[in-house]
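Chain letters run A, B, ... following the sequence lines, proteins first, then strands; residues in each count from 1.
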Number of protein chains: 2
Amino acid sequence: MTVSLDNFDRKLLVEVQQDAQIPQNELGARVNLSTAAVNRRLRRLVDEGVIERYAAVVSPEKVGCALTIVTMVEVESEQIDLLDAMKRSFAQCPFVQQCYYVAGEWDFVLVLTVHNMDQYTELTRQLFFSNNNVKRFKTLVSMSRVKVGLGVPVSIDE
Amino acid sequence: MTVSLDNFDRKLLVEVQQDAQIPQNELGARVNLSTAAVNRRLRRLVDEGVIERYAAVVSPEKVGCALTIVTMVEVESEQIDLLDAMKRSFAQCPFVQQCYYVAGEWDFVLVLTVHNMDQYTELTRQLFFSNNNVKRFKTLVSMSRVKVGLGVPVSIDE
DNA sequence: TCTGAAAATGGACCTTT
DNA sequence: AAAGGTCCATTTTCAGA
């Protein structure tokens, strides 16, 4: 599952999570490696699945998705097939940015990106009210996205 | 704030959020545009801030960050400077992947990525117990990351 | 690590609406 | 003017020695 990474790999991961467009020679200069070495290492990181993919991060506001909402959901029954169906329905919905199946007071946590409240209301109907395995849900409306990212911490020991 | 996008832009955004490494000529083939036009449009999208950045998505498991945790926090006082200090402390922490300041039963929602429970315990001490503006917090441990991403929905009208 | 070929990016310039 | 297309120079990637 885990992969062994040395400090060069870790430094590269830090850089590349931050900005994937830095050319390999520049990366090399930063971590003290030749362009070719950087190239090989990045390829290996992708091949081994450490780097899952490269993605453009788009600004929700700029495309009119002004509202971020966090919703917690409690289910009626934890029967596997019912849970799977719910997971699928959440995962499929393009407005669901993230979905975690959790242990604790709630069963699911969803992060949603929508254009406005009306759209959220409509979504709750679709995702929650029309699903009779949803016992209750609670809505938290984001007033500020303090930190947003998928960055994974990689510690570098000097 | 919002930017006017035509269908070409939207199609490009869909592709590029999914995979930022598709070469521009291939993108052109997919959306029916020349390489140069794709190049110009992508540049414009970056300049206008629609595309905030390009990032490598790394697998938390592969780098040993096996645990995803969602934490809700309620504050004692909503005094601006206290809130700002909290926001800063959350944003700074490399294990805080996301942080939203929300309205509702809670004040903050955090998504954390940690190596193990011990580390989380240590983090709660650092982030919550040692901050006397934290009234209470609730921990939800993720058992499965059903959907994870920063993808923003862009609808294409044919 | 170095060198060089192949690929991708991005600008110049002309054409269309 | 605004945006597309073709062509060409520059930059970047990536494999072999």
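Rounded to an integer number of Å, the gap from CD of B/Glu26 to C1' of C/dA8 is 13 Å. Regarding B/Asn39, its CG atom lies at a distance of 12 Å from the P atom of D/dG4, rounded to whole Å. Note: CG (A/Leu33) to C1' (C/dT1) measures 11 Å, nearest angstrom. In this structure, A/Gln21 atom CD and D/dT11 atom P are separated by 16 Å, rounded to whole Å. A straight line from CG of B/Asp6 to P of D/dA3 spans 9 Å, rounded to a whole angstrom. Spacing between atom OH of B/Tyr54 and atom C1' of C/dA8 amounts to 13 Å, rounded to whole angstrom units.
Taking the centre of each ring, A/Phe129 and A/Phe137 come in below the 6.0 Å mark.
Set against D/dT13, C/dG10, C/dC13, the side chain of A/Gln24 has D/dT13 as its closest nucleotide. Checking D/dT6, C/dC2, D/dT12 against every side-chain atom of A/Asn25, the shortest atom distance belongs to D/dT12. When distances are taken from the side chain of A/Pro23 to each of D/dT12, C/dA12, C/dT9, the shortest belongs to D/dT12.
Between A/Thr35 and A/Arg40, the residue anchored nearer the 5' end of DNA chain D, judged by the nucleotide with its closest heavy atom, is A/Thr35.
Of the N and O atoms on the side chains of B/Gln79 and B/Asp81, at least one donor lies less than 3.5 Å from an acceptor on the other residue.
A heavy atom lying under 4.0 Å from DNA chain C marks the following residues of residues 41-53 of chain B, by number: B/Arg43.
A salt bridge is absent between B/Glu105 and B/Lys138; no separation between the charged side-chain nitrogens and carboxylate oxygens falls under 4.0 Å. Using a 4.0 Å cut-off between a side-chain N of Lys or Arg and a carboxylate O of Asp or Glu, A/Arg53 and B/Asp19 do not qualify as a salt bridge.
Contacts of B/Ala37 with the nucleic acid, taken as non-hydrogen atoms under 4.0 Å apart, involve only primed sugar atoms and P, OP1 or OP2.
At the phosphate of C/dT1, OP1 or OP2 sits under 4.0 Å from a side-chain N or O atom of A/Ser34.
Judged purely by atom type and a 3.5 angstrom limit, B/Lys147 uses its side chain to pair as donor or acceptor with the backbone of A/Ala91.
Criterion: ILVMFWY side-chain heavy atoms under 4.5 Å apart, direct or through other members. Under it, B/Val148 and B/Leu112 are not part of a common hydrophobic cluster.
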In sequence, state the C-alpha distance, the side-chain angles, and the governing distance for B/Glu26 and B/Arg30, and then conclude on salt bridge (charged side-chain N to carboxylate O under 4.0 Å, His left out). CA-CA 6 Å; B/Glu26 169 63 21; B/Arg30 293 194 194 178; 2.8 Å; yes
